[in-house]
Amino acid sequence: MAVAAFASLRQGRLVSRAIRKRPLSVVSLQRAGDDDANIITNGGSMKKTPPPLSADATRMQKSELLKASSKLSLAPMMEYTDRHFRHLVRLLSSRTLLYTEMVAGNAIVHERKDAIDKLRQDNTVAAKTGAPPVCEYDASYLRRFLGQGMVAPLEGPSVLQLGGSEPDVLAGASRAVVELTERGYCDYTALNLNCGCPSPKVAGKGCFGAALMDDPKLVRDLTTAMHDGCGGAMPVTVKCRIGTDTDMVANGSGGFTVKRYSEMDAEAEYGELCNFIETVASNGIVTDFQVHARIAVLGKSFSPADNRKVPPLKYDYVRRLVQDYPQLSFSLNGGVDTLSGAKEELDECPGLAGVMIGRAWAANPWSFACSDSILYGDKGQGEVLLGYAKPRNRLEVLQMYGKHVDVEEQEHDPVRIRRFMTKAVSSLFAGEPNAKRYRIALDEIGGRPKKLAARGESWKDEPPLSELILDAATKHLSEEVLLRTPEESYEMILWEEQRTKERVALTDTASCSDAGGGDNESGQSIVAEWQQTRKESTEAAA
């Protein structure tokens, strides 16, 4: 059923993509019941289109796709999971569920209001001059927040994460998502509410993110508003923590320390988490939670990095949720940083819907290139549904990624966006010899349009970005690295993981100094040692 849902949604996506032949800067206001603008049509007539699926039918299809894609998720990360990095991940995995960066709901609502006000002003002028009215508002700014890639493979299973604490604002933001979906600029599988970000700018001054964990009734109101704003056409999910340190601050104990936290009543803490889950899910709208298995420390000046490392992980809480609420879906986030680690967690807790990984994806995306086969048992079905053949090596990855960046530079100003596109592939060769030289070359390529503009010169006489990226890779990286397959790379990763475990056991330490070096002699020796071991194993088997 999930495959059928995927195929049906993809067909609708292709139809809406055809609308991109019109100017890409506008989006229609022709939505029944929209009070923000009068419905105006060109020449007094509207084109007849096939009746769309009902909201319930669309949500059911998207829910099936969400369920089928959740075994591995790319976690939402500010300044990382933009449409360029998501496109790279989709090239590596046809099945991984992609999350956007968090987008503030008030930013979407503000941009939409400004665009509609501008439309009204333009039509007032048009009425006075006798010019034909305009029926569409300029959506170019909204596309900065909501747009997806325009080149195959399209994103497929993907989730838009919203941030905010006002129901009306999140309802308006969700409505804008539907409007842009109808015009073919995006097609997200679900909406997600951020209840896990501990950043002082978000959970502190913003009063949303992880701060919402302390008000589950408000979270229920917010997700209800998102559901209503999208007309019930998309699933709404919640990403959260297992709690916050609010009680430790309130009881006068002096706030969070690892020692004080270890002395807390674990059952009471788990009970508060259960209350949050039950309250949010009580109206039947939210059935899917992504749980970072740490508390969020909000009462101290903890950075986001501190909040990812200092509070201890409590995977047992998430496993208990899986057992105690079988009617709901839970994905585990936090601390898992390898493909083999994700598989171990799924094997250990069969009811777990999936594992969400963020920083490790950003640090070494190629290490997850076998996720379709390892986690999903996929033998090419995802590629068929998304309409592309996955690249066989990193050289082909860059060739396919080049199509994306060239289209992006045709549509947008390279001075503004090129650095984001080169950043997305900067870690593709992490751990390989000369990877640092490759990254330095990309950094120079990314900044070139801005430097040319500062000198009053044009970037248009330069070679296309796709060519520049390929040149950087072929200049600094060996043929063996460029052409190594995902399977060979994963075999090498498993070999190194085993080697690390053996070293830890022998030295009785918790870390290994030479794992993942990559830009020096140790990286080259690791590759050589793995190749020699592989050769000996092959000869022995023969």
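Judged by distance alone, with hydrogens and angles left aside, the side-chain atoms of Asp187 form no donor-acceptor pair with the main-chain N or O of Thr181 at under 3.5 Å. Judged by distance alone, with hydrogens and angles left aside, the side-chain atoms of Ser427 form a donor-acceptor pair with the main-chain N or O of Ala362 at under 3.5 Å. For the pair Asp245 (side chain) and Gly299 (backbone), a donor-acceptor distance under 3.5 Å is present. Not one N or O on the side chain of Arg112 forms a donor-acceptor pair closer than 3.5 Å with the backbone of Ala173. At distances below 3.5 Å, not a single donor-acceptor pair connects side-chain atoms of Asn333 with backbone N or O atoms of Gln290. No donor-acceptor pair closer than 3.5 Å links the side chain of Tyr80 to the backbone N or O of Ala75. At distances below 3.5 Å, not a single donor-acceptor pair connects side-chain atoms of Tyr401 with backbone N or O atoms of His87. For the pair Lys403 (side chain) and Ala152 (backbone), a donor-acceptor distance under 3.5 Å is absent. At distances below 3.5 Å, not a single donor-acceptor pair connects side-chain atoms of Asn307 with backbone N or O atoms of Pro304. Remark: the backbone N or O of Pro157 is paired with a side-chain donor or acceptor of Arg90 at under 3.5 angstrom.
Taking the side chain as every heavy atom from C-beta outward, Phe429 and Leu398 approach each other to under 4.5 Å. Counting only heavy atoms from C-beta outward, the side chains of Met234 and Thr58 never approach each other to under 4.5 Å. No side-chain heavy atom of Lys239 sits under 4.5 Å from any side-chain heavy atom of Tyr99. Inter-residue side-chain proximity for Val159 and Leu66 is flagged as met; some heavy-atom pair is nearer than 4.5 Å. Asp138 is not listed as a side-chain neighbour of Leu119, based on a closest heavy-atom distance of 4.5 Å or more. The shortest side-chain heavy-atom distance between Arg144 and Arg416 falls under the 4.5 Å cut-off. The shortest side-chain heavy-atom distance between Arg241 and Pro198 falls under the 4.5 Å cut-off. Cys370 places a side-chain heavy atom less than 4.5 Å from the side chain of Leu339.
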Using side-chain hydrogen bond (donor to acceptor under 3.5 Å, both in side chains), reason through Gln148 and Ser158 one step at a time and then give a plain yes or no. CA-CA 10 Å; Gln148 294 176 299; Ser158 53; 3.2 Å; yes

Ser93 vs Asp372, test: side-chain hydrogen bond (donor to acceptor under 3.5 Å, both in side chains). Steps then yes/no. CA-CA 6 Å; Ser93 169; Asp372 289 358; 2.6 Å; yes

Could you check Leu328 against Thr287 for side chain to side chain contact (heavy atoms under 4.5 Å, CB included), going step by step and ending with a plain yes or no? CA-CA 5 Å; Leu328 303 176; Thr287 61; 4.0 Å; yes

Report the C-alpha separation of Asp56 and Arg59 in whole Å, then their side-chain angles, then the decisive distance to 0.1 Å, and conclude whether the side chain to side chain contact (heavy atoms under 4.5 Å, CB included) test is met. CA-CA 5 Å; Asp56 286 343; Arg59 186 177 68 254; 3.2 Å; yes

Take Asn194 and Gln161, measure what side-chain hydrogen bond (donor to acceptor under 3.5 Å, both in side chains) needs, and give me the verdict at the end. CA-CA 6 Å; Asn194 184 330; Gln161 186 181 71; 3.2 Å; yes

Report the C-alpha separation of Cys240 and Met213 in whole Å, then their side-chain angles, then the decisive distance to 0.1 Å, and conclude whether the side chain to side chain contact (heavy atoms under 4.5 Å, CB included) test is met. CA-CA 7 Å; Cys240 62; Met213 291 288 300; 3.4 Å; yes

Checking Tyr317 against Glu269 for the side-chain hydrogen bond (donor to acceptor under 3.5 Å, both in side chains) test, could you report, in this order, the C-alpha distance in whole Å, the side-chain angles of both residues, the deciding distance, and whether it holds? CA-CA 9 Å; Tyr317 283 16; Glu269 183 181 35; 2.7 Å; yes

Would Thr189 and Ser69 count as a side chain to side chain contact (heavy atoms under 4.5 Å, CB included) if you check the C-alpha gap in whole Å, the side-chain angles of each, and the deciding distance to 0.1 Å? CA-CA 10 Å; Thr189 308; Ser69 307; over 6 Å; no

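Heavy atoms only, all atoms of each residue included: Ile469 and Ile445 are closest at N-CD1, 4.4 Å. When all heavy atoms are compared, the tightest approach of Thr100 to Thr81 is C-OG1, 3.3 Å. Summarising the geometry of Leu97 relative to Ser70, their closest heavy-atom pair is CD2-OG, 3.9 Å, with the distance given to 0.1 Å. Closest non-hydrogen pair, Val169 versus Asn106, comes out as CG1-N, 3.4 Å. Counting all heavy atoms, side chain and backbone alike, Pro365 lies closest to Leu88 at CG-CD2, 4.2 Å. What you find for His404 and Gly149 is that their closest heavy atoms are CE1-CA, 4.3 Å.
Scored by the side chain to side chain contact (heavy atoms under 4.5 Å, CB included) test, Asp406 finds Pro464, Leu465, Ser466 as partners (sequence neighbours excluded). Ala454 pairs by the side chain to side chain contact (heavy atoms under 4.5 Å, CB included) definition with nothing, not counting sequence neighbours.
Leu346 contributes atom CG, which lies 8.5 Å from atom CG of Leu332 (distance to the nearest 0.5 angstrom). The line from CG of Leu98 to CD of Glu155 is 6.0 Å long, rounded to the nearest 0.5 Å. The CZ atom of Arg418 sits 12.5 Å away from atom CD of Glu408, with the distance rounded to the nearest 0.5 Å. Once rounded to the nearest 0.5 Å, the distance linking SG of Cys195 with CG of Leu222 reads 7.5 Å. Considering CG of Leu162 and CE of Met226, their distance stands at 4.5 Å, rounded to 0.5 Å. To the nearest 0.5 Å, the span separating CD on Gln61 from OG on Ser63 amounts to 10.0 Å.
Ring-plane geometry between Phe289 and Phe330 is classed as parallel, the angle between the planes falling under 30 degrees on a 0 to 90 degree scale with a further cut at 60. Using cut-offs of 30° and 60° on the angle between ring planes, the pair Trp361 and Phe368 is parallel.
Ion pairing of Arg419 with Asp443 is present here, as a side-chain N (NZ or NE/NH1/NH2) and a carboxylate O approach within less than 4.0 Å. Between Lys118 and Asp114, no side-chain nitrogen of the basic residue sits less than 4.0 Å from a carboxylate oxygen of the acidic one, so the salt-bridge criterion is not met. In summary, Glu101 and Arg86 do not engage in a salt bridge, as defined by a charged side-chain N under 4.0 Å from a carboxylate O. Comment: Asp117 engages Lys113 in a salt bridge, judged by a side-chain N to carboxylate O separation of less than 4.0 angstrom. With respect to Lys423 and Asp82, no salt bridge is recorded, no charged nitrogen being found less than 4.0 Å from a carboxylate O.
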Can you give me every donor-acceptor pair (side chain of residues 273-285, partner residue at least two apart or in another chain, under 3.5 Å) with its distance?
residue, atom, partner, partner atom, Å
Glu278, OE2, Tyr325, OH, 2.4
Thr279, OG1, Asn275, O, 2.7
Ser282, OG, Arg220, NH1, 3.0
Ser282, OG, Thr279, O, 2.7
Asn283, OD1, Ile285, N, 3.3
Asn283, ND2, Thr224, OG1, 2.8

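Remark: Tyr376 OH is packed, more than 12 non-hydrogen atoms of other residues, nucleotides or ligands lying under 6.0 Å away.
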